[in-house]
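Here the structure is laid out as structure tokens; the discussion comes afterwards.
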Amino acid sequence: MSDVADATTPITSRHDPRYEVVMYRHVGIDGAWTLDYYRGHGGYASARKALTTMTPAQVIDEVKASKLRGRGGAGFPTGVKWSFMPPVDGRQRLLVVNADESEPGSFKDRYIMEDDPHQLIEGIIIGCYAIQATKAFIYIRGEYGLGYRRLVQAVEEARAAGILGKNALGSDVEVDITVHRGAGAYICGEETALMNSLEGLRGNPRLKPPFPAQAGVYGLPTTINNVTTMTSVVHIIERGADWFASMGTEDSKGTKLYQISGTVVRPGVYELPMGATFRELIYDLAGGPKGEAKGFFPGGSSTPPFPWRDEFLDMPMDYGTLANSGSMLGTGGVIVIPKEKDIVDAMYNVVRFYAHESCGKCTPCREGISTWLPKMYQKLLAGLGTREDLDLMEDMVRNTRGTAFCPLADACAMPVQASFKWFRDEYEYLVDHGTPMYTKNDWWEA
Amino acid sequence: MKVTINDVSMDFAPGTSVIDAVFAAGYDVPYFCSQEYMSPIGACRMCLARVGAPRKDREGNWILDEETGEPKIFYFPNMMATCTTQVMEGMVVDTLSDDVKRVQNGMVEFTLINHPLDCPVCDKGGACELQDRAYEYGTGESRFVFDKRHQEKHHPLSEVITLDRERCIHCKRCVRYFEEVPGDGVLDFIERGGHTYIGTLEDGLPSNFTGNITDICPVGALLDTTSRFRGRNWEYDHTRSTGMDDAGGSAIVIDARTGRIERIKGALNPEVNKTWIDDGTRFGHEYVDADDRLRSPLVRKDGELVPATWEEAAQVVRDRLGGLSGKDIGIALRADATLEEGVAAKALAEALGTGQLDHAPRPAASVVPQQAPATLTDLATADAIFVVGDVTEEVPIADLRIKDALKGVTPPEMMAHGVPIADLRLKEHPVFHRERLSVAAPYRVDLMKHAGRTASYPAGGEAALFAALQAIAEAQDAKAEDAEAAAVQLDDGQRAALGMSLADAEALVRGLREADNAVVVIGGFVLATRAAAAAAATFAKAVGAKQLILGPMANSYGLELLHVGPSHDRYAYPGMLEGARALILSNLDPAQDPDVRATLEQKDFLVVHDLFLTETAKIADVVLPARSVYERDGTTVNLEGRFLPLQAAPVDAGESEDFVGVVGALGDALGQRLEGRSVRSARRVLRKRFELDPAELGPSGELYRPKGRPAPRVSIRSDEAVGGNVLVTPSMLRVEYLERNPHLLALSGGSRLRVNPADAAQHGLGDGEAVSLRVGGVVRRARVRLDAGVPAGLMLLPTLPEQPVGLAHADLATLTRDERELEVAG
Amino acid sequence: MVELETVPPFFADKQELLDEILGRYPEYGRRSAVMPLLREVQHAERYVSEARLAEIGEIVGMHATEVKGVMSFYSEYHGEPVGTYHLQVCSTLSCSLAGSDELYDYLVEKLGIVNGEVDAEGRFSLQKVECLGSCGSGPVIQVNDTYYERVSRSRCDALIEALSRDEVPEPWRARGGDNEGADKADFLMHTVAAGEGETR
Ligand SMILES: Cc1cc2nc3c(=O)[nH]c(=O)nc-3n(C[C@H](O)[C@H](O)[C@H](O)COP(=O)(O)O)c2cc1C
Ligand code: SF4
Ligand code: FES
Ligand code: FES
């Protein structure tokens with residue numbers, strides 16, 4: 001907490017007395033990315049604890065007991081995933097950290113890698129130890145140049161200091177890390193596409209089974225986890241599963257990095273215990289919407305948006321509640337949609353993203369999502385759409401639901417369907433009048 | 001595992017894909033991306049169905065449906081791609097409900113939105129999977145009102161394959177094919193999403209097996225350029241036969257229309273070629289239709305060859321032969337003659353009373369393994385393979401079967417509907433276990449790309465190579481018995497003979513003997529001397545490996561088995577050319593060598609049976625028009641000893657006859673009913689001789705294993721290693737027909753003289769230059785190709801039937817630039 | 001590929017770099033190096049030519065075609081040269097709500113080039129890109145490998161002017177939330193106003 005004294009350092013939710021910032025405690029602080037800083041603030045104690053006082057199985061048990069769920073979007077229980085690794089059989093085992101973070105509205109992993117890369121490395125050491133992997137890859141999206149450089153630097157520092165290497169932290173455990181940089185492809189965040197990309201293949205998703213634990217990267221047993229899944233582990237080991245599990249709701253434990261963007265006063269990343277409500281995030285922390293809002297994406301642009309209603313604003317941000325309400329927690333990236341942004345325009349923006357990012361492997365996504373759907377939106381926005389076109393869009397999108405090879409097509413189709421459900425009036429207005437209900441087109445302030 | 005498909009319940013082996021279960025049950029789901037013998041990838045999403053399965057509770061008991069008391073079926077929330085889903089115990093599959101129909105409809109609609117629907121002008125029309133499926137599973141209308149994707153419609157991927165990018169439906173069969181089957185990633189998807197298209201950056205498609213993509217493309221996107229715009233599918237006659245360009249015996253389909261061969265396609269023989277064929281076999285048929293094809297017999301009258309009827313020609317033959325003693329007459333067939341032709345030739349020789357009978361080319365050593373013969377399936381399932389030679393050029397299909405072995409997936413079990421559509425053991429981006437393959441050759445051969453260990457031994461040094469390996473094997477034996485025994489000791493000569501390091505050679509030998517299924521593949525360079533072949537056999541035995549011998553031509557094995565050979569080595573083909581007073585030559589052209597020509601001109605009588613007026617035919621007394629390999633009924637025996645059927649395609653070949661026909665006509669003229677006068681009578685002989693019925697061969701042919709000791713074989717050459725400065729190499733493309741195969745000629749750039757760049761500089765030769773050179777008497781025209789994989793001091797030339805594989809002497813003084821620039825089409 | 005004979009190989013004089021990159025992956029995973037190698041070339045030459053694709057293929061054991069397949073899959077490698085300063089404007093939803101469309105239009109006007117174009121001097125090129133993970137601090141311009149966030153008109157002007165002089169400004173810090181550099185007092189007041197006390 002002492003870092004906060006300086007008025008030039010960033011302000012965080014750590015200033016909100018209700019919350020304790022854990023994973024973001026060093027984020028925003030100049031120089032926090034150095035090994036000296038990290039060690040000076042207690043860094044690597046957790047990894048040391050794991051390596052010296054616990055067996056791999058105990059680490060897995062602790063993570064299981066913490067009820068940590070993956071922070072990459074799907075929310076799969078991390079400890080359970082780790083226990084899927086086959087028994088040690090002499091084959092090299094791998095840990096892959098998914099740092100591809102490309103889902104619109106998500107930007108939590110970025111600042112960890114930029115400002116606190118050692119925290120991630122510490123998490124990797126613990127994770128590798130738990131699953132008995134000697135090698136980890138961090139797959140970082142190509143655009144994160146600063147994050148890449150900071151990670152590479154941190155890995156080098158850690159190697160030089162004996163934190164990584166044949167005898168990590170002076171133990172007899174081997175851990176090394178390669179940072180692999182992507183080059184601009186959202187789909188490479190999908191774990192099987194990521195593995196292909198890492199292997200030097202085109203980044204198309206691959207078939208499961210075999211699951212990564214059986215045959216992942218290079219056909220070796222592999223575990224894939226998100227960046228903040230790994231950093232959560234640091235604190236679970238340090239402070240115990242009970243501490244982590246004491247926060248959150250029934251099915252979602254611990255703290256989580258929520259992101260908020262769109263038209264709010266203070267967009268950014270906020271670390272909150274799971275189960276905090278959208279209202280808390282949007283109003284208490286982000287300062288509320290700028291102007292009138294009409295809806296929001298609860299967890300990144302692939303999660304079906306909600307209209308701006310109390311029942312949704314007061315919903316706890318956890319996995320189960322959102323899943324039961326027809327949406328998903330996703331990466332926890334809230335995007336606030338202002339009233340003045342026409343929904344058709346907003347959804348065209350979203351559709352264009354998925355159209356651009358479709359890998360092209362499967363028919364419904366390549367032809368439906370990537371080709372036909374954006375053309376339909378263009379037609380509507382050109383004022384040429386009809387009511388029949390709306391029916392056609394709904395029917396066509398329905399044909400992409402649950403039929404594609406990977407979840408990307410659904411990631412586009414579901415929000416589109418939700419927009420039809422909640423905001424059909426705006427679609428109808430547009431086709432009936434030839435112009436959108438809302439036409440504001442100057443969003444650039446200052 | 002019990003699975004219920006709609007109303008049919010059946011048992012399936014674990015690992016079976018649901019799509020195969022559906023087909024086995026007699027139902028259908030549409031599919032585009034799955035393809036026999038390739039990895040299922042679940043890309044087209046056409047094969048979706050509703051799938052459910054029972055579940056077990058924590059105690060391991062089935063969760064029961066409260067109403068029925070039966071295990072409750074839990075349906076997957078999404079439709080499942082049946083090609084990538086495995087059967088489960090108690091699984092239920094629904095392919096008929098409205099929900100399934102709706103989704104299949106939707107997929108057809110998506111697939112068609114960017115498809116040009118130019119079926120009326122598309123070569124695939126009538127045989128197009130998309131056309132069929134859209135008809136069966138689509139609504140017949142499109143709601144897509146926008147401009148379709150416009151892309152290149154006539155993109156030449158190579159000289160023989162044309163790509164229509166608009167028609168592509170992104171099934172990825174072609175891309176996967178290259179990656180998984182020949183293992184050459186020469187075609188790939190470019191860009192992503194809706195912009196994805198297939199393309200190559202290579203110069204053409206550098207692989208020997210490119211044409212197969214035209215067979216597997218479900219639409220008309222990839223077309224065989226040789227047959228483009230030639231006809232509609234329903235106009236073709238499809239004749240299943242056997243490829244006769246090499247000893248592999250691949251199954252082919254000959255598509256003919258109005259008496260002309262339009263294209264060759266691969267056909268299924270699971271034991272031999274699966275469905276793949278090499279480009280030589282596929283595209284090498286155009287010569288059959290060449291303008292200068294002989295269509296009737298010719299008889300020399302007043303010094304001129306003039307057309308005659310078969311009866312006239314046969315009379316002339318009878319009259320002229322009648323004046324000679326039978327034993328002065330020589331008869332020789334090319335080694336791709338059928339067994340029936342062999343029977344006919346033997347019968348004729350017997351009737352004439354001559355021992356001067358042979359087939360050519362015929363290597364010094366036997367092509368029938370004397371022990372532990374390997375099948376192609378043995379090769380495809382081997383865990384250690386040692387190749388000596390250039391197998392890709394000798395028997396291309398063996399190259400692909402070796403790659404099966406490197407992938408390590410055993411051939412699938414056949415199902416009720418044939419080859420499994422989706423064999424889930426096959427994975428995309430397979431790992432080729434190159435450590436299983438070692439390749440030795442005197443120069444850099446294509447298969448070395450995939451080999452874990454390679455050796456370049458000195459040309460002609462095959463016997464020494466095997467002897468050195470044998471020495472290693474023996475030393476290892478000694479060591480195994482007595483740990484104190486001396487380590488392997490090789491002298492410098494032996495080391496040089498290995499063409500690889502001693503450590504590599506030791507590992508090779510150890511690898512072969514430790515393998516469960518080792519195969520030694522013995523190529524033509526080894527067969528060139530008996531000593532080398534014997535050393536190879538000894539070595540194979542020592543390491544416990546099976547042998548696969550690559551005979552030089554399609555029926556080398558069968559003709560040897562049938563003993564279409566001389567009674568004495570004096571009478572072998574080269575000897576008969578010298579010694580016989582009269583000759584009957586079928587599809588052989590020895591007069592390309594001017595010295596031989598001079599000898600032949602002195603003969604009392606010369607009969608030539610061939611497709612064209614060859615150099616030899618030009619000096620013949622009687623010329624008989626021959627049927628091509630596509631126009632013959634008969635039987636051939638591939639390198640495994642597998643009897644395979646040939647069926648004549650309905651091709652207009654004038655009055656051409658095969659050698660059976662020749663013997664039939666001569667027999668009539670001689671007033672004798674010879675045994676080989678017809679295919680039927682020849683087959684009677686074969687049935688007796690081999691105890692199998694060539695008329696009743698199954699679709700995979702029949703593997704024949706000789707009982708007892710084989711008949712003694714008369715060697716063709718004295719068994720001395722010949723030196724030379726030119727190595728005649730095996731060739732997938734048949735050089736003798738290359739100039740009449742315009743597309744292959746363009747693809748290959750013509751016959752190649754491969755020269756080491758340093759040598760080329762010394763001789764002042766440039767890449768691509770047309771030259772002529774006298775090699776062992778034959779004047780060869782070729783195009784210079786600089787190739788660092790050729791050892792210094794050696795040049796490589798592809799084989800001709802008259803110029804068998806092995807070292808030969810070339811008179812470098814005759815090496816001249818060819819003024820008559822080679823015609824290169826395209 | 002004809003080019004290959006005339007252009008000296010890119011990695012010929014960079015053995016150390018090459019070894020380092022190849023050393024990141026196991027020998028059986030040599031192909032993994034294709035992306036870092038493409039990036040080196042893209043970075044140095046501002047595009048990846050066919051000759052380079054072939055060269056990289058040689059190094060990692062792929063056909064040039066496969067390297068092209070990989071390269072063209074990603075949006076950060078280019079088949080045609082980009083400008084010295086490649087301006088990548090995020091146009092995805094959050095940025096769009098922060099004015100990225102207007103920012104893009106402004107750049108079009110200012111530079112006289114549109115999406116996918118390079119200016120006559122080869123100094124600037126412009127590309128509309130998708131979400132850069134800067135959604136809380138949009139609009140954002142990625143210049144080559146550096147993010148400039150919360151780009152206002154004046155910041156945009158300053159940035160372009162500096163780049164026109166070949167000066168590359170330090171990126172300014174522009175963040176939000178727990179990684180924020182904004183006004184502290186304001187925030188505290190708000191929290192207090194929210195009137196809740198206990199730490200959860
Ligand atoms: C289209 C798509 C994109 C994804 N992108 C990411 C990503 O950028 N980062 C991430 O961690 N997970 C992403 N995921 C989820 C991963 O597939 C995977 O579930 C996750 O990395 C597992 O890590 P976790 O268990 O720690 O959450 C994506 C999934 C899909 C379907
Ligand atoms: S849904 Fe299909 S085309 Fe889209 S990204 Fe996934 S695999 Fe690729
Ligand atoms: S998805 Fe193409 S056949 Fe199953
Ligand atoms: S929307 Fe622009 S960075 Fe995410």
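Every chain is numbered from 1 and lettered A, B, ... according to where its sequence line falls, protein lines coming before strand lines.
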Original post:
In terms of heavy-atom proximity below 4.5 Å to chain A, should B/Ile190 be classed as side chain, backbone, both, or neither?
Top reply: backbone
Subject >> Distance in Å, B/Phe110 CZ paired with A/Ser370 OG, rounded so as to fall on 0.5 Å steps >> reply: 12.0 Å
**OP:** Identify which part of B/Leu48 has an atom lying under 4.5 Å from any heavy atom of chain A, answering side chain, backbone, both or neither.
**Re:** side chain
Original post:
Between A/Met376 and B/Phe146, does a side chain to side chain contact (heavy atoms under 4.5 Å, CB included) hold up when you go through it step by step?
Top reply: CA-CA 9 Å; A/Met376 291 305 295; B/Phe146 306 97; 3.5 Å; yes
Subject >> Close side-chain approach of B/Val145 to A/Lys379, heavy-atom, < 4.5 Å >> reply: yes
Subject >> Spacing of B/Gln104 atom CD and A/Thr403 atom OG1 [to the nearest 0.5 Å] >> reply: 12.0 Å
**OP:** Might you confirm whether atom NZ of B/Lys407 has over 12 heavy atoms from other residues, nucleotides or ligands at distances under 6.0 Å?
**Re:** yes
Original post:
Can you tell me if NZ on A/Lys421 sees more than 12 non-hydrogen neighbours from other groups inside 6.0 Å?
Top reply: no
Subject >> Under 4.5 Å from a heavy atom of chain A, the part of B/Val431 involved >> reply: neither
**OP:** Hey, could you give me the CE/SG distance between B/Met107 and A/Cys362, rounded to the nearest 0.5 Å?
**Re:** 8.5 Å
Original post:
Got a salt bridge between B/Arg143 and A/Asp395, using NZ or NE/NH1/NH2 to carboxylate O under 4.0 Å?
Top reply: yes
Original post:
Among A/Pro205, A/Ala355, A/Ser358, which has the most heavy-atom pairs under 4.5 Å with chain B?
Top reply: A/Ser358
Original post:
Can you tell me how far the CG atom of B/Asn114 sits from the OG1 atom of A/Thr371, to the nearest 0.5 Å?
Top reply: 5.5 Å
Subject >> Contact class of A/Lys208 relative to chain B, heavy atoms under 4.5 angstrom >> reply: neither
Subject >> Which atoms of B/His170 approach chain A - backbone, side chain, both or neither, heavy atom under 4.5 Å >> reply: both
**OP:** Might you confirm whether atom CD of A/Glu250 has over 12 heavy atoms from other residues, nucleotides or ligands at distances under 6.0 Å?
**Re:** no
Subject >> Straight-line distance of A/Lys361 NZ to B/Cys44 SG, nearest 0.5 Å >> reply: 11.0 Å
Original post:
Picking from B/Gly42, B/Ala81, B/Ala43, B/Gly194, which has the most non-hydrogen pairs under 4.5 angstrom with chain A?
Top reply: B/Ala43
**OP:** Working to the nearest 0.5 Å, report the span between CG of A/Asn204 and NZ of B/Lys172.
**Re:** 5.0 Å
Subject >> A/Glu367 and B/Arg149 ion-paired at < 4.0 Å >> reply: yes
Subject >> Whether over 12 other heavy atoms sit under 6.0 Å from B/His195 NE2 >> reply: no
Subject >> Segment of A/Arg206 engaging chain B (4.5 angstrom heavy-atom cut-off) >> reply: neither
Original post:
Is it the side chain or the backbone of B/Asp99 that comes within 4.5 Å of chain A heavy atoms, both, or neither?
Top reply: neither
Original post:
Going through the distances and angles, do B/Arg102 and A/Asn399 end up as a side chain to side chain donor-acceptor pair (under 3.5 Å)?
Top reply: CA-CA 8 Å; B/Arg102 170 182 69 81; A/Asn399 286 340; 2.8 Å; yes
Original post:
Do B/Phe144 and A/Met396 come close enough that some side-chain heavy atom pair is under 4.5 Å?
Top reply: no
Original post:
B/Phe76 versus chain A, heavy atoms under 4.5 Å apart: side chain, backbone, both or neither?
Top reply: neither
**OP:** Please flag which part of A/Ala404 lies under 4.5 Å from any non-hydrogen atom of chain B: side chain, backbone, both or neither.
**Re:** backbone
Original post:
For B/Gly193, does its backbone N or O pair with a side-chain atom of A/Arg366 as donor and acceptor, under 3.5 Å?
Top reply: no
Original post:
Is the side chain of B/Arg192 donor-acceptor paired with the backbone N or O of A/Glu357 at a distance under 3.5 Å, no angle test?
Top reply: no
**OP:** Evaluate the side chain to side chain contact (heavy atoms under 4.5 Å, CB included) criterion for residues A/Arg202 and B/Asp188: first the C-alpha distance (whole Å), next the side-chain angles of each, then the deciding distance (0.1 Å), finally the verdict.
**Re:** CA-CA 10 Å; A/Arg202 284 165 60 84; B/Asp188 206 347; 3.7 Å; yes
**OP:** Mind ranking A/Gly402, A/Gly360, A/Gly219, A/Pro209 by heavy-atom pairs under 4.5 Å with chain B and telling me who comes out on top?
**Re:** A/Gly402
Subject >> Option in B/Glu191, B/Glu428, B/Met80, B/Met79 with maximal non-hydrogen atom pairs under 4.5 Å from chain A >> reply: B/Glu191
Subject >> Proximal component of B/Pro77, with respect to chain A [non-hydrogen, under 4.5 Å] >> reply: neither
Subject >> Top contributor to chain A interface from B/Asn105, B/Val103, B/Thr111 [non-hydrogen pairs under 4.5 Å] >> reply: B/Thr111
Original post:
Step by step, would you call B/Met46 with A/Thr363 a side chain to side chain contact (heavy atoms under 4.5 Å, CB included)?
Top reply: CA-CA 8 Å; B/Met46 266 316 317; A/Thr363 308; over 6 Å; no
